[in-house]
Amino acid sequence: MSTEKDLLPIELEHIIGLSGCTNTRLMAVNPAKPDEVVHSVGKKVVISQLNDAHDQVLLTGHTAPISVIRTSPSGQLFVTGQLSDDYNRCYVIVWETDTREILFKIECHPDGVSDAQFSSDEEFIATCGSQTKLSVWSLETGRHVDTVPGAHSFVAWAPVSRRRRPTYYLVSAQNRTLCAHTMTYDRGALAYTLQTEAMAMPSTGLVRTYTCGVVDPSGTFLLAGTHAGEVAIANIRERVFRAYESVGSPVQGVYAREAEDDVISVGIDGQVTRLIGSDQTWRVNPVCKGPSIYSSALHGDKLLIAGADGTMSAVELTSGTITVLANHSTASVTALCAGDDSETVYTLTSAGEIFVWSLVDYTLLQRIKLVDAAGTAVFAHAGVLYSGWADGSLFTHAIDGRTLTRLQHVPNTHRGGITSIAVNDLMVATGGADSVVRLWTLRTLQFTTQHAVHQGPVTGLACDVVVPHILHTASGTGVVVIDVRANKRIKHFPSVSQHTNTLLQLPSGERELVTCTAAGRVVIQDFDLPEPTDVFQIPLQNTPVAAAATDGAGSVLALATDGPAIFFYDLKRRAFIDGAFSAHVTKCNDVRWTADGRQLVSVGQDGEICVWNYFPEE
């Protein structure tokens with residue numbers, strides 16, 4: 001549960017997702033608490049318990065998507081680094097694991113953080129930027145110790161003896177060169193200083209790009225993964241290359257295990273390999289082949305992997321057995337609706353899939369691949385799920401408990417795709433990019449009639465809550481109300497100078513319509529009155545409202561901007577609840593309330609699903 005905004009009626013309860021940026025170092029396991037995983041969703045740090053889906057802590061402090069997460073050897077600390085933000089700022093944050101508090105926050109590496117590592121005695125931390133420098137910082141004071149200029153793709157420490165002012169050895173990769181760094185205490189300057197030396201490599205044929213590296217348990221050898229699908233071995237003390245061992249595919253991560261005296265290599269194609277040996281003699285033993293990988297972390301005698309298929313899995317390094325622990329979407333989540341039981345939510349993705357999620361334990365219940373097009377609209381009514389897609393397909397699925405069974409498929413319903421769906425006991429209505437509203441029978445999806453009442457794509461549909469044969473429709477030019485029984489247009493509420501993006505009707509029975517515009521204006525229009533009853537602007541000027549939803553009581557309006565921010569508007573008090581609430585990485589695509597009005601679910605462009613708790617005043 002989030003620690004943010006605890007005194008407000010809105011709180012972020014849970015995030016389903018694993019994202020941040022293209023870096024592969026976005027997941028870490030606490031060695032002192034092997035069931036505790038630290039990962040990121042955009043700018044947020046997420047601490048999850050593998051054995052309890054409800055035990056999730058969300059931390060803030062970064063101003064741009066997180067690019068690296070590492071835990072200290074003892075598990076008492078962890079570090080997060082980020083990409084450069086809009087103001088060319090970049091922060092490294094060291095956190096205390098137990099208190100979840102920031103130990104210190106460093107502004108450095110304006111180009112973004114590519115790696116960060118703790119020394120084995122946890123006296124220092126080394127960070128490197130993708131284009132600028134490698135820096136060492138004191139964990140006691142947070143102060144800068146020394147810097148090595150140049151772009152470094154990774155950094156790793158050799159184990160160090162626990163004695164007063166020991167000599168430290170670091171390794172890194174800079175411009176396709178492996179570098180060895182010695183950090184010694186200068187008694188004259190009363191400070192540690194770094195000396196750097198490029199490792200001696202073969203003169204021809206072995207130019208590589210290094211992706212990651214680790215020092216073996218003996219502290220003698222660096223094992224560095226390459227884009228060419230090899231692990232390079234170099235002697236740290238002698239500063240000399242010793243061997244290359246092929247592991248098959250570009251290496252995503254390498255991990256040293258002191259208890260087993262081995263090194264684990266992880267390829268981006270999912271190949272997990274065990275390397276045992278020394279100097280120029282190494283045995284390469286394949287462990288298993290899992291899904292393509294974009295992040296991994298050592299988890300005791302297991303390897304935790306985040307797959308490109310949206311799974312988080314544990315690999316038993318002894319047997320090679322792979323166990324799926326969690327799921328998320330790797331594609332953009334484009335639309336959603338909540339089930340009538342307030343315990344299930346249905347999401348569509350840009351990859352043509354429907355996901356069925358449990359809000360009880362946040363697990364994936366079902367995943368269905370339908371088309372090679374993005375989902376655009378979804379609506380649940382009377383035990384049937386209706387979904388619309390960018391290729392014009394309209395599907396229905398029977399909601400059978402917590403799973404879906406396919407019923408009907410109508411292709412090519414709209415030229416340019418479906419943009420909106422509304423359903424009641426009388427009709428199924430679809431709006432399209434072709435500016436047309438079409439009506440279909442409930443059971444068989446037979447086309448009945450159409451209304452070409454708009455001059456642009458249909459942006460919203462709503463069946464009237466009082467008179468079932470009244471259909472409210474919206475496009476950029478405003479709202480047109482249709483009497484489907486009389487087959488005619490009966491009202492028009494034009495949009496004045498601002499493009500109408502979304503439409504909904506409040507459930508109060510007062511027949512009030514809510515429209516939101518591309519400039520961030522929200523208009524509440526009574527069906528029976530010529531003028532709006534309320535007009536207000538979201539606090540972000542000239543920011544489009546991309547989606548809107550109201551709770552079942554019609555008391556709170558959730559407004560998702562064309563960005564990561566969500567605003568909550570109290571319809572009774574006619575005021576916003578605090579400021580912007582943000583959990584998404586780049587853009588929130590859709591928002592919907594559960595049937596009981598206790599939770600809001602929002603979905604994002606980067607695949608994340610956010611669950612918000614709402615605590616209404618008694």
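Numbering starts at 1 and runs along the sequence shown.
Asn589 and Ser332 are linked by a side-chain donor-acceptor pair at a separation below 3.5 angstrom, with hydrogens and angles left out of the test. No side-chain donor-acceptor contact under 3.5 Å links Gln49 and Asp35. At a cut-off of 3.5 Å, with distance as the only test, no side-chain donor of Glu316 or Ser319 sits close to an acceptor on the other residue. Inspection of the Asp121 and Tyr168 side chains reveals an N or O donor paired with an N or O acceptor under 3.5 Å. For the residue pair Ser135 and Thr147, a side-chain donor N or O sits within less than 3.5 Å of a side-chain acceptor on the partner. In summary, the side chains of Gln195 and Thr193 do present a donor paired with an acceptor at a separation below 3.5 Å, with no hydrogens or angles considered. Under 3.5 Å, the side chains of His584 and Glu608 contain a donor-acceptor pair of N or O atoms. Between Arg367 and Thr349, the side chains place no donor N or O within less than 3.5 Å of an acceptor N or O (distance only, hydrogens not considered). Remark: the Thr330 side chain and the Tyr294 side chain contain no N/O donor-acceptor pair separated by less than 3.5 Å.
Separating the CD1 atom in Ile264 from the CG atom in Asn285 is a distance of 9.5 Å, to the nearest 0.5 Å. Rounded to the nearest 0.5 angstrom, Asn542 CG and Asp562 CG are separated by 12.5 Å. Atom CG of Leu18 sits about 7.0 Å away from atom CG of Leu26, to the nearest 0.5 Å.
Aromatic pair Phe568/Phe581: centroids less than 6.0 angstrom apart.
The one candidate from Val215, Val214, Ile276 that meets the side chain to side chain contact (heavy atoms under 4.5 Å, CB included) condition with Val263 is Val214.
Relative to the six-membered ring of Tyr169, Arg237 meets both conditions, a distance below 6.0 Å and an angle of at most 45° to the axis.
Below 30°, between 30° and 60°, or above 60°: for Trp137 and His144 the angle between ring planes is above 60°, a perpendicular geometry. Ring geometry for Tyr244 versus Phe241: interplanar angle of 30 to 60°, hence tilted. Below 30°, between 30° and 60°, or above 60°: for Trp157 and Phe124 the angle between ring planes is below 30°, a parallel geometry.
Counting heavy atoms from C-beta on, the side chains of Leu317 and Glu260 never come closer than 4.5 Å.
Of the charged side-chain nitrogens involved, at least one lies within less than 4.0 Å of a carboxylate oxygen, so that Asp115 and Arg70 count as a salt-bridged pair. Classification of Arg100 and Glu36 as a salt-bridged pair holds, one side-chain N sitting under 4.0 Å from a carboxylate O. Between Lys33 and Asp98, at least one side-chain N (NZ, or NE/NH1/NH2) sits under 4.0 Å from a carboxylate O, which counts as a salt bridge.
No more than 12 heavy-atom neighbours from other residues, nucleotides or ligands sit within 6.0 angstrom of CD on Glu140. The number of heavy-atom neighbours closer than 6.0 Å to CD of Glu96, taken from other residues, nucleotides and ligands shown, is above 12.
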Verify side-chain contact (heavy atoms from CB on, under 4.5 Å) between Val160 and Glu123, making sure each step is shown before the conclusion. CA-CA 11 Å; Val160 65; Glu123 292 292 329; over 6 Å; no
